Amino acid sequence: MTSPSAKASVEKLETYKPNFGKTIKKNLIRLSANESALGTSLEAVRVLNEFSNNLNRYPPQVSEDLINAIADRYSLNKNNIILGNGSDELISIIAQAFLEPEDEAIHTEYGFLQFPQAISITGAKPVVAKDIDFTVSVDNILAKINKKTKIIFLANANNPTGTYIPKKEVFRLYNSIPSNVILVYDAAYSEYINNDLYIDGSELVDKFNNVIMLRTFSKLHGLASLRLGWGYCSEYILNTLMKVRGPFSVNIAAMLAGTAAIQDIKFQEKSFQHNKKWMQWLKNEFRLLRLDFQTSITNFLLVKFPETKNHNATNAEKFLADRGILVRGMKVYGLPNHLRISIGNEKENIVLIRELKSFLENSHEF
Ligand SMILES: Cc1ncc(COP(=O)(O)O)c(C=O)c1O
C-alpha cells in the first residue's frame, strides 16, 4: 500500500525546535529566544484585559488602527505596510509568492534559520553567502548572484550573531543587485539600535520598489506570544503578498495589543535603556569570565565557550538548563562551540553570571 509523501523539498527539512525547556517550570529563566526582558507594555495588557466581546467574529482582514499607529510611530507611508502572523509568516509568504522551483534565493551563512527553511519549502534553491568574522559579507552575497537569483534575505542586525553591516555597505549591496531581485531586509532588532551607522531599511523601501523591510512586535514590544509582525514594501509587493497571506492571519488580540504597544513610548524607552545598560554589564562579566563574544547591537550575545572536555558549550547549556536557565545551543547554526544568550531582567542576568562562574570555575560530571 502506498502512503502519502510530502514533496521532496519538504521531506528533507528538519522541524524547527526552539529551546523552551521540557517542562513549564516555575521561575524558569528563559534567555533562549531573544524575547523582551521587561515583559509587555502595561497599556497592551490593559487593552487585552478589557477585551472579551465578539470572539465569535473573524478579525478585520487589515487593522487600519494598527497600520496608522505604525505609520505614525516610524513616519512611514501607511499604504506600504502589511501585517503578518509574526514576521515568520511574512518570510514564508514572500518565498511562496516570488520563488519558482528553478529559482535561487541567497541567505547568509549565520543568517536567521527561517530563511533557508522558507526558501526550501517552495522547492527553490537556498544559496549560502559566507560571512566574514561572523558578519555579513556584501562581496560574498554579490558573488552568489546569477540569472536564477530572485531574492536576497538579509537580517540586519543578524540573528544569531548580533552583528550588523553599516548603511554604506547596505547601499553598496543594493546598488549592485539587479532590479528584478528582491532584497528582504529583516530589521527585527532595530528597536534596540541607536547607531548613526545603522539603517532599518525603510529609506530603501521609500526609494526603490524591490526592497521589503520586515519588523516584529516579538522583541522590544514584548508581544511574541501574540504573533505579530509587519512589512514595509511597494504597493505591488504588498498586493501580491496579500494574495498569498491567509485572509485572517493576524488575530484581533494582536491587533489591539499591537496598537497599544506601539503607542507606549515610555515602555519602549525603558526597554531600550534596560537593554543598553545590561548589555554593557553582561559584556564586562563575560570578559571577566574570559568568554569570547561577538559585539552585538541587539538584545542578545553570541558567546564562545572553550573547546575543552569540561567547559564546552554543550556542557554549559546542560549545566544552565539543570539550574532552570535556558540559553540557545548553536549546533543548528553550525556553531557547536557557541551559545546565544538573550539579555534578561536584572535578577536573571545576575543569576546567569553566578551560575556561569560556578560552571567555569569547577569541574563537573556530565
Ligand atoms: C532576524 C529575525 N527575523 C524574524 C524573527 C521572527 O520574528 P516573529 O516573532 O515576528 O516571527 C526573528 C525571531 O527571532 C529574528 O531573529
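Every value quoted in this text rests on a predicted model; they were computed, and no experiment measured them. Order of appearance sets the numbers: ligands from 1, and atoms from 1 within every ligand.
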- Relative to the ring of Trp278, is the ring of Trp281 parallel (under 30°), tilted (30 to 60°) or perpendicular (over 60°)?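 Taking Trp278 first and then Trp281, their aromatic rings stand perpendicular (interplane angle over 60°).
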- Item | Geometric class of the Tyr164/Tyr198 ring pair [parallel <30°, tilted 30-60°, perpendicular >60°] |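 Perpendicular: the ring planes of Tyr198 and Tyr164 meet at over 60°.
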- Query: ligand 1 versus Gln114, non-hydrogen atoms closer than 4.0 Å: side chain, backbone, both, neither?
  - Reply: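 Within the 4.0 Å criterion, Gln114 makes no contact with ligand 1.
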- Query: If you measure from each non-hydrogen atom of Asp186 to ligand 1, which part falls under 4.0 Å: side chain, backbone, both or neither?
  - Reply: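 For Asp186, only side-chain atoms sit under 4.0 Å from ligand 1.
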- Item | Heavy-atom side-chain contact between Ile182 and Val211 under 4.5 Å |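 They are not in contact (no side-chain heavy atoms under 4.5 Å apart), so the answer is no.
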- Message: Can you confirm if the NZ or CZ of Arg328 lies within 45° of the ring axis of Tyr16 and under 6.0 Å from the centre of its six-membered ring?
- Response: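 Yes, a cation-pi geometry.
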- Message: Against the six-membered ring of Phe319, is Arg323 placed for a cation-pi contact (under 6.0 Å from the centre, within 45° of the normal)?
- Response: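 Yes.
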When you measure from [atom] to every protein heavy atom, which one gives the shortest distance, and what is it?
| atom | answer |
| --- | --- |
| atom 11 (O) of ligand 1 | Arg227 NH2, 2.7 Å |
| atom 12 (C) of ligand 1 | Phe112 CZ, 3.4 Å |
| atom 14 (O) of ligand 1 | Lys219 NZ, 2.9 Å |

- Query: Should Asn156 and Val136 be marked as a side-chain contact (heavy atoms from CB on, under 4.5 Å) after you check the CA-CA gap, both sets of side-chain angles, and the distance that decides it?
  - Reply: CA-CA 9 Å; Asn156 204 29; Val136 164; 6.0 Å; no
- Compare Tyr189, Trp230, Phe217, Phe153 and give the one whose heavy atom is closest to atom 16 (O) of ligand 1.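 That would be Tyr189.
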- Going by heavy-atom distance to atom 7 (O) of ligand 1, choose the closest among Ser218, Gly111, Ser87.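 Checking each option, the heavy atom nearest atom 7 (O) of ligand 1 is found in Ser87.
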- For ligand 1, which atoms, with element, lie under 4.0 Å from some heavy atom of Asp88?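 Close to Asp88: 6 (C), 11 (O).
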- Task: With heavy atoms of Thr216 as the reference, note each atom of ligand 1 found under 4.0 Å away.
- Result: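 This gives 7 (O), 8 (P), 9 (O), 10 (O) as the contact atoms.
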- Query: Could a heavy atom of Glu89 be found less than 4.0 Å from some atom of ligand 1?
  - Reply: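 Distance cut 4.0 Å: Glu89 fails for ligand 1.
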- Query: With no hydrogens and no angle check, is any side-chain donor or acceptor of Asn85 less than 3.5 Å from a backbone partner on Val250?
  - Reply: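 Answer holds: no.
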